[in-house]
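Taking it in order: structure first as structure tokens, then the write-up.
Note that these values count all heavy atoms, side chains included, but never hydrogens, waters or copies made by symmetry.
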Amino acid sequence: VSVQKGTGSCLNAGKTAFDQACPFFLATTGSWTLTVVDSQLVDATTYNLKSRATDVAGNVQATPTDGSILWDSTSPNQSFIINVGNPAETANAAVNLVLTNSATIFEYRSGNNMACTSATWVAYAGGNIPYTLPAIDGLKTVCLQVRDAVLNESPIHSDTITLDTTAPNPAFLINAGAIHANSTSVTLSLTDSTGVFEYRKANGSNCNAATWTTYPVGTIAHTISGAEGTSTVCLQVRDVLLNESSTATDTINLDLTQPS
């Protein structure tokens, strides 16, 4: 190590006794600084430091001052995933960055895409790191960089996830758009089934009390009210992320009377 104060310096690397160390003169009272040379130290090794003062009259400090440093030059190499289980999609812009190993993390910074270098360092509080994705649906890239207590910085890591907050289209037709029906057994056909995972249906215009059912792909069987006249059916759909649509309705005229 090099002991520096004012304009003086001396190299003491590898020295183990005071008689091997070169003297160093302080021009003023105060502290002195150890400047560590990386190439002379071994990572994860504790180095003992010892100093002894001698005044201008030659009086030597009776008990040397002891200290030690742990040399740590290893950067945390912290990977992460977005949300537990590393899903491909999310319906919520509020996500969690799940660390694979948080043992040495002191601070972190995160950002959209790979813009971590312009982000602000934040104290790491432990556990998952909360993060908010940009609100527009689509594929998102999040970057994360961490550092330890001695400010060794990790590489920048990233992960991706698709934000999907859009519900499927609930529009449908009864009996393919027919005006009349001569049976209470009808079919409901979606005009666009893209992304539909489950549906619920009911007679009337309110589906809230109905049970969600897995979408079978194709037409949905339904039984309308037995009373002749106009029958209203409601339908609601949702995707695999449980984004729920609004409630759609359609009507058909039930006519069970034979001509005379």
Show your working on side chain to side chain contact (heavy atoms under 4.5 Å, CB included) between I220 and F172 and close with a plain yes or no.
CA-CA 10 Å; I220 300 169; F172 72 101; over 6 Å; no

Run the side chain to side chain contact (heavy atoms under 4.5 Å, CB included) check on Y124 and V146 step by step: do they pass?
CA-CA 9 Å; Y124 177 58; V146 298; over 6 Å; no

Criterion side chain to side chain contact (heavy atoms under 4.5 Å, CB included) on L188 and I174, from CA distance to verdict:
CA-CA 5 Å; L188 314 180; I174 303 174; 3.9 Å; yes

Kindly give the heavy-atom pair with the smallest separation between [X] and [Y], and that separation in Å.
X    : Y    : result
S110 : L144 : CB-CD1, 4.1 Å
I252 : I179 : CG1-O, 3.4 Å
R109 : T117 : NH1-O, 3.3 Å
L173 : G177 : CB-N, 3.6 Å
P168 : S245 : O-CB, 3.3 Å
N253 : G229 : OD1-C, 3.2 Å

[X] side chain to [Y] side chain, donor-acceptor N/O pair below 3.5 angstrom:
X    : Y    : result
T194 : D192 : yes
S225 : N203 : no
Y215 : D239 : no
T249 : S205 : no

V122-V150 co-clustered via ILVMFWY side chain contacts under 4.5 Å:
no

Can Y131 be reached from M114 by stepping across I, L, V, M, F, W or Y side chains whose heavy atoms are under 4.5 Å apart?
no

Look at the side chain of [X] and the backbone N and O of [Y], then say whether any donor-acceptor pair between them is shorter than 3.5 Å.
X    : Y    : result
T104 : P76  : no
D159 : I82  : yes
N92  : A94  : yes
N83  : G85  : no
Q145 : S154 : yes
D137 : T165 : yes
N169 : T191 : no
S75  : E153 : yes
E228 : T257 : yes
N175 : T187 : yes

Within a reach of under 6.0 Å around [atom1] of [X], are more than 12 heavy atoms found that belong to other residues, nucleotides or ligands?
X    : atom1 : result
N208 : CG    : yes
I136 : CD1   : no
L151 : CG    : yes

For a side-chain contact (heavy atoms from CB on, under 4.5 Å) with F197, tell me which candidate from L241, N243, V240 qualifies.
V240

To the nearest 0.5 Å, what is the distance between CG on L133 and CD1 on I161?
7.0 Å

To the closest 0.5 Å, what do you measure between CG (D250) and SG (C234)?
11.5 Å

How far apart are the C-alpha atoms of V142 and V95, what are their side-chain angles, what is the distance that settles it, and do they pass the side chain to side chain contact (heavy atoms under 4.5 Å, CB included) test?
CA-CA 11 Å; V142 178; V95 297; 5.7 Å; no

